[in-house]
Amino acid sequence: KVLQKTCPQVQHNEHAVHCCCIVGELCRPPCENGGRCLANEKGDWRCYCWPDFSGERCEINHCTDYCLNGGTCMGSPLGKPTCRCPVGFTGPFCEKRVCDYYCLNGGTCDVSLGNQPVCRCMAEYTGDRCLYRE
């Protein structure tokens, strides 16, 4: 016996899905990674996934090994995920060091709280990147 109760409208991919909450899992095999089993407008049962996941059962994690150097992966309902990089790294996958090749003429690079490179120049050089000789 299947027990039914009404549930609120669920938003997914810009389409409203009217559903009936079912006690028990009707998607076989069951949804993974927190996906919800809901009836679509045709009455077919399918898994609706969180932004980080896709696949018939929400089994594909788009964030697995996506960001480098300790970056935090964030799923997007619009497509591919994005990375939030730790201080010192930048780029779509946090693959670049902020200081790499930034300071010239022997200057040393530090990273500001805003994740920007800041050069400390040798005594005879000046400028943001230690480009100019004094």
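Remember, predicted model here, so these are calculated numbers, not experimental data. Positions are given from 1 along the sequence.
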Under a 4.0 Å threshold between the charged nitrogen and the carboxylate oxygen, would Arg133 count as salt-bridged to Glu124?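 Salt bridge: no.
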At their closest point, which heavy atom of [X] faces which heavy atom of [Y], and how far apart are they?
X	Y	answer
Cys58	Asn33	O-ND2, 2.8 Å
Cys94	Gly71	SG-CA, 3.9 Å
Leu131	Asn105	O-ND2, 3.8 Å
Tyr48	Asn40	OH-CB, 3.3 Å
Leu68	Glu95	CD1-CB, 3.8 Å
Cys73	Pro81	SG-CB, 3.5 Å

4.5 Å side-chain heavy-atom contact, Glu134 and Thr126: yes
Within the 4.5 Å heavy-atom criterion, are Met74 and Arg84 side-chain neighbours or not?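 SC-SC contact between Met74 and Arg84 confirmed.
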Arg129-Tyr102 side chain donor-acceptor pair, cut-off 3.5 Å: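 Per modelled atom types, Arg129 and Tyr102 side chains form no pair under 3.5 Å.
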When rounded to the nearest 0.5 angstrom, what distance separates CG in Asp128 from CD in Gln116?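 So the gap between those two atoms works out to 11.0 Å.
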Are we looking at SG atoms under 2.5 Å apart for Cys67 and Cys85? no
Using only atom types and a distance under 3.5 Å, with no angle test, would you say the side chain of [X] pairs donor to acceptor with the backbone of [Y]?
X	Y	value
Asp110	Val118	no
Trp50	Gly34	yes
Asn115	Val98	no
Asn61	Phe53	no

side-chain contact (heavy atoms from CB on, under 4.5 Å) between His62 and Asp52, intermediate numbers included: CA-CA 5 Å; His62 297 285; Asp52 293 358; 5.6 Å; no
Testing Pro29, Pro30, Cys27 one by one against Cys47 for a side-chain contact (heavy atoms from CB on, under 4.5 Å), which residue passes?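 Running side-chain contact (heavy atoms from CB on, under 4.5 Å) over Pro29, Pro30, Cys27 with Cys47 returns exactly one hit, Cys27.
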Tell me which one of Cys119, Cys130, Cys121, Cys109 satisfies disulfide bond (SG atoms under 2.5 Å apart) with Cys103. Cys119
Please tell me whether Tyr132 and Tyr125 form a close aromatic pair, meaning their ring centres lie under 6.0 Å apart.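 Here the rings of Tyr125 and Tyr132 have centres that are no less than 6.0 Å from each other.
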Could you check whether atom CG of Asp44 has more than 12 heavy atoms from other residues, nucleotides or ligands sitting under 6.0 Å from it? yes
